[in-house]
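We name chains A, B, ... by the order of the sequence lines, and we start the count at 1 in each one.
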Protein chains: 2
Amino acid sequence: MAYSPIFAENNSYLVSTYSDHVHTLPTPPRPDQLRERLAQAGLRATRQRLLILESLLVLPGHPTAEQVHRRVAGLEASISLGTVYKALDSFVEAGLTRRVASAEGASRRYDADCTEHHHLFCTDTQEIIDYCDPQLDALIREFFAAKGLQNFQPHSFSLHITGNKVSNG
Amino acid sequence: MAYSPIFAENNSYLVSTYSDHVHTLPTPPRPDQLRERLAQAGLRATRQRLLILESLLVLPGHPTAEQVHRRVAGLEASISLGTVYKALDSFVEAGLTRRVASAEGASRRYDADCTEHHHLFCTDTQEIIDYCDPQLDALIREFFAAKGLQNFQPHSFSLHITGNKVSNG
DNA sequence: TTGGCTGCAAACTTTTTGCAGGGGT
DNA sequence: ACCCCTGCAAAAAGTTTGCAGCCAA
């Protein structure tokens with residue numbers, strides 16, 4: 001069973017990573033890797049941005065700007081929430097980060113993982129769980145390759161699976 | 001080709017209905033049908049709620065509270081935006097309405113269609129297009145029936161397809 | 001050195017809340 | 001008649017913006 005432990009961020013949403021194939025807990029990336037990613041995106045590697053990007057990669061799940069700010073502020077006392085918003089906007093524009101589609105919750109959520117993946121929404125706990133499955137990806141791509149969509153060219157697919165965790169599935 | 005005309009609501013998102021199988025433009029429901037739906041949900045059929053529910057069903061796509069309010073206010077001069085919010089909350093809680101997951105846009109969007117369907121996100125026009133395909137539903141359900149998810153019981157699936165409209169797909 | 005980035009604070013948008021009064025059942 | 005629902009307005013929550021100064025390239 002590939003199921004990660006659950007992390008709590010205050011009393012907000014719980015998030016974890018769920019994959020039938022690989023299970024990778026976020027590994028804190030090395031500073032030079034962060035610099036590299038920022039440089040490739042054409043963004044300056046300031047202290048703040050390094051911490052913001054690292055937080056995005058490290059924080060379990062799909063943090064809000066507020067949550068990113070909380071973590072960064074813990075490491076670097078005086079960072080402004082406005083800076084976090086501006087940085088996240090830049091990241092999204094540069095393709096470094098995605099905004100996550102979610103129906104619940106007031107705040108926008110961000111995901112540093114720009115690779116294709118799916119989401120499990122637990123109705124009980126409000127968790128948003130990442131789900132990776134190349135087999136499923138292939139199935140969907142084959143379906144649309146065979147069937148096609150008139151007048152629409154699909155680029156990426158993300159399946160939203162709503163349900164709830166059970167003790168034994 | 002089953003492709004509906006596109007509707008504009010001011011200069012906000014364009015929305016239309018897209019289905020490979022059936023193409024139904026929202027038909028204004030009869031008042032007694034609206035009453036029925038509210039009664040079944042255990043909600044009082046006030047003038048305001050009838051108009052709000054009707055607007056949800058009639059407005060093309062996935063309107064925000066603001067958009068619902070604009071339409072209702074056009075028919076019933078003095079309705080409060082707060083009332084729209086409260087009513088929509090009740091509807092969601094009663095299962096009459098869903099909140100739509102979306103990454104873009106500041107405001108929450110609502111969908112009176114609680115049947116299972118999927119969404120096309122056009123990166124060019126920002127449209128959110130409904131997509132119905134029982135064949136796709138079956139494919140996904142079969143996949144998870146066969147493969148299963150450990151520790152998770154799926155209830156519903158919604159595929160988010162990002163791409164863009166083309167003149168000839 | 002220079003222009004992008006930061007901090008701060010004000011403004012703005014969206015959503016929630018409290019309460020008195022009205023209308024559905 | 002009861003009490004859920006509405007209107008109003010204030011407040012809370014979330015996000016954007018403007019500008020002076022700073023710092024990465």
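- In this structure a side-chain-to-backbone donor-acceptor pair under 3.5 Å is present from B:Gln67 to B:Thr64.
- OP1 or OP2 of D:dG7 has at least one side-chain nitrogen or oxygen of B:Gln48 nearer than 4.0 Å.
- The side chain of A:Arg108 places no N or O atom within less than 4.0 Å of a non-bridging phosphate oxygen (OP1 or OP2) of D:dG14.
- For the segment residues 31-43 of chain A, the set of residues with a heavy atom within less than 4.0 Å of an atom of DNA chain D is empty.
- Taking the charged nitrogens against the carboxylate oxygens, B:Arg99 and B:Asp89 do have a contact shorter than 4.0 Å, which makes a salt bridge.
- The interatomic distance linking A:Leu53 (CG) with C:dT6 (C1') rounds to 17 Å, in whole Å.
- When heavy atoms are screened at a 4.0 angstrom cut-off, A:Ala87 is found touching no nucleic acid atom at all.
- Contact annotation: side chain of A:Lys86 to base of C:dG7, donor-acceptor pair present below 3.5 Å.
- Distance, B:Leu88 CG to C:dT14 P: 15 Å, rounded to whole Å.
- Rounded to a whole Å, the CZ atom of A:Arg70 is 13 Å from the C1' atom of D:dA13.
- Note that CZ of A:Arg98 is 10.5 Å distant from NE2 of A:His62, once rounded to the nearest 0.5 Å.
- Residue side chain A:Arg44 does not reach the base of C:dC5 through any donor-acceptor N/O pair under 3.5 Å, judged by distance alone.
- Salt bridge present: A:Arg141 and A:Glu116 bring a charged side-chain N and a carboxylate O closer than 4.0 Å.
- Between A:Tyr131 and B:Phe144, the two ring planes are tilted [angle within 30° to 60°].
- Taking atom CG of B:Leu51 as the reference point, atom P of D:dT6 lies 11 Å away to the nearest angstrom.
- Within 4.0 Å (heavy atoms only), B:Ser107 reaches sugar-phosphate atoms of the nucleic acid but no base atom.
- Counting only N and O atoms by type, the side chains of A:Gln153 and B:Lys165 include no donor and acceptor under 3.5 Å apart.
- Using a 3.5 Å distance cut-off with no hydrogens or angles, the side chains of A:Ser55 and A:Arg71 do pair a donor with an acceptor.
- When rounded to the nearest whole Å, the span between CZ of B:Arg99 and C1' of C:dT14 equals 13 Å.
- Contact check, B:Tyr85 against C:dT16: no side-chain N or O comes under 4.0 Å of OP1 or OP2.
- Each of B:Ala65 and A:Ile79 was matched to the nucleotide of DNA chain C holding its nearest heavy atom; the match closer to the 5' end belongs to A:Ile79.
- Distances shown here put every side-chain N or O of B:Thr46 at or beyond 4.0 Å from the OP1 or OP2 atom of C:dG23.
- B:Ser78 comes within contact range of the sugar-phosphate backbone alone, with a heavy-atom separation under 4.0 Å but no base atom that close.
- Of the residues near DNA chain D, B:Arg49 and B:Gly82, the one whose nearest nucleotide (by heavy atom distance) lies more toward the 5' end is B:Arg49.
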Worked verdict on B:Asp137 versus B:His118 for side-chain hydrogen bond (donor to acceptor under 3.5 Å, both in side chains): CA-CA 9 Å; B:Asp137 298 345; B:His118 310 284; 2.6 Å; yes
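- Between A:Arg47 atom CZ and D:dC23 atom C1' the separation is 9 Å, expressed in whole Å.
- Atom pair A:Asp89:CG and D:dG14:P shows a separation of 16 Å (rounding to whole Å applied).
- Between the P atom of D:dG14 and the CG atom of A:Leu81 lies a distance of 10 Å, rounded to the nearest Å.
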